[in-house]
There are 2 protein chains.
Amino acid sequence: MLHILVHMATSRDEAMTSEQLAGFVHTNAVVIRRAFAGLREAGIVASARGHGGGWQLAKAPETISLAEICTALGESLLPFGTEPEAPGCLVEQAVIGALDEFRRDAEKLLAEKLSRVSLADIAATVGPNMHLTGAHSHAS
Amino acid sequence: MLHILVHMATSRDEAMTSEQLAGFVHTNAVVIRRAFAGLREAGIVASARGHGGGWQLAKAPETISLAEICTALGESLLPFGTEPEAPGCLVEQAVIGALDEFRRDAEKLLAEKLSRVSLADIAATVGPNMHLTGAHSHAS
DNA sequence: CGATTCGTAACTATCAAAGTTACATGAAAC
DNA sequence: GTTTCATGTAACTTTGATAGTTACGAATCG
């Protein structure tokens with residue numbers, strides 16, 4: 001996903017079709033549209049229908065942070081959930097309490113770190129000057 | 001998983017069977033054995049076969065940290081991977097570079113936080129005195 | 001109008017995790 | 001020593017989430 005967004009950041013002038021974006025990560029156009037729906041609602045990208053339409057960043061890459069992207073995608077920063085399996089068990093309640101506290105702290109920390117990195121930051125580490133060499137490696 | 005380990009911490013004297021442990025989280029005994037294999041290799045729990053056998057913590061709950069448990073289970077602290085999908089693409093390499101850096105920092109941070117919490121810490125927040133009331137809620 | 005492209009629903013395919021069954025191995029009780 | 005209980009593990013089935021596919025409607029431009 002980031003891969004695609006950075007590609008869009010490196011060629012902001014022209015809109016790209018779902019088909020093209022899908023090609024970057026060897027997936028399907030519909031998958032791209034589904035995933036980008038959240039980003040559009042969050043005001044990160046914009047889409048245009050019809051001839052000459054496609055996707056573009058909705059604002060400057062400098063103002064798009066990774067934290068923003070994660071939130072828009074509705075993804076958790078931590079790989080575990082804390083839904084009770086045996087409601088009423090005091091042991092489980094204690095575990096969930098400890099885990100939720102950890103989760104709160106950890107998510108704040110990670111979000112803070114991610115909010116410091118923008119699409120432009122990553123784009124700046126591409127190459128240098130890859131946009132001049134055309135070395136995208138996305139043959140067709 | 002933590003739920004089970006804390007139960008074991010609150011009744012260290014007696015070994016518990018896979019069947020009993022599975023009951024705590026409404027799952028299957030074989031699933032428990034599979035999951036606990038890693039913990040046993042890490043020296044966190046010990047198992048005994050035969051009559052009167054079962055599972056026990058291999059050391060004091062005060063000395064078992066959540067970080068240790070995560071490592072033993074082979075679980076990542078972050079919910080994303082960074083395998084290349086379009087090898088050779090400079091954009092992707094830049095993205096992976098940025099993500100790997102973030103991952104390294106984040107995992108260190110999280111592991112550090114988790115290493116400060118022990119099974120005993122969580123067990124101490126159960127109740128108070130739940131072992132006197134019998135309020136496990138694990139009916140049978 | 002016709003070509004293009006998004007939006008979305010409905011269905012199928014894929015894959016990893018959990019659950020199940022079966023049986024061998026080891027340990028205690030009688 | 002035989003029975004009983006429990007782990008260890010392989011093999012298979014089930015389940016659920018995600019990706020992929022197909023189809024078609026809506027919007028936009030030439």
Side-chain angles (χ1 to χ4, degrees), chain A residues 1-5 7-8 11 13-58 70 72-76 78-86 140, chain B residues 1-5 7-8 11 13-58 70 72-76 78-86 140:
Chain A
M1 172 58 87
L2 267 183
H3 182 173
I4 297 171
L5 287 171
H7 267 290
M8 291 170 73
S11 55
D13 39 330
E14 43 189 331
M16 306 188 83
T17 69
S18 307
E19 212 80 44
Q20 289 175 296
L21 298 178
F24 287 144
V25 292
H26 302 114
T27 184
N28 187 283
V30 176
V31 176
I32 297 292
R33 292 189 197 122
R34 284 204 279 245
F36 271 55
L39 295 181
R40 182 183 48 221
E41 279 155 30
I44 295 172
V45 299
S47 63
R49 289 175 160 186
H51 196 120
W55 299 87
Q56 271 182 304
L57 296 184
C70 274
L73 293 176
E75 284 181 4
S76 170
L78 271 351
F80 57 85
T82 50
E83 286 124 32
E85 288 156 334
S140 64
Chain B
M1 173 56 88
L2 265 184
H3 181 175
I4 297 172
L5 288 171
H7 268 290
M8 291 170 74
S11 56
D13 39 329
E14 42 189 330
M16 306 187 82
T17 70
S18 306
E19 212 79 45
Q20 289 176 296
L21 298 179
F24 288 143
V25 293
H26 302 114
T27 184
N28 188 282
V30 176
V31 176
I32 297 292
R33 293 190 196 120
R34 285 205 279 244
F36 271 55
L39 296 181
R40 182 182 49 222
E41 279 156 30
I44 294 172
V45 299
S47 62
R49 291 176 157 186
H51 194 118
W55 298 88
Q56 273 182 303
L57 296 184
C70 274
L73 293 176
E75 285 181 4
S76 169
L78 272 351
F80 57 86
T82 49
E83 286 125 33
E85 290 156 332
S140 68

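Chain letters run A, B, ... following the sequence lines, proteins first and then strands; every chain starts at 1.
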Respond yes when some side-chain nitrogen or oxygen of [X] is under 4.0 Å from OP1 or OP2 of [N], and no when none is.
X	N	answer
Arg49(A)	dA26(D)	no
Thr17(A)	dT5(C)	no
Asn28(B)	dA18(C)	no
Ser47(A)	dC6(C)	no

Residue [X], side-chain atoms from C-beta onward, closest of [options]:
X	options	answer
Val30(A)	dG20(D), dT8(C), dG19(C)	dT8(C)
Trp55(A)	dA28(C), dG7(C), dT9(D)	dG7(C)
Arg34(A)	dT28(D), dT9(D), dG20(D)	dG20(D)
Val31(A)	dT4(C), dA19(D), dT7(D)	dA19(D)

Subject >> Minimal non-hydrogen separation, Thr17(A) against Trp55(A), with atom names >> reply: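 It is C-CD1, 4.3 Å.
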What's the [atom1]-[atom2] distance between [X] and [N], to the nearest Å?
X	N	atom1	atom2	result
His51(A)	dC1(C)	NE2	C1'	14 Å
Ile32(B)	dA17(C)	CD1	C1'	14 Å
Glu85(A)	dG19(C)	CD	P	10 Å

Original post:
Would you say His7(A)'s side chain and Leu21(A)'s backbone share a donor-acceptor pair under 3.5 angstrom?
Top reply: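 No; judged by distance alone, with no hydrogens or angles, the pair does not exist.
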Subject >> Net bend of the helix from dC1(C)-dG30(D) to dC30(C)-dG1(D), end axes of five pairs each, nearest 10 degrees >> reply: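 The helix from dC1(C)-dG30(D) to dC30(C)-dG1(D) shows an end-to-end axis angle of 10°.
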**OP:** Would you mind classifying the nucleic acid contact of Ala48(B) as base, sugar-phosphate or nothing, using non-hydrogen atoms under 4.0 angstrom?
**Re:**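 Sugar-phosphate contact only.
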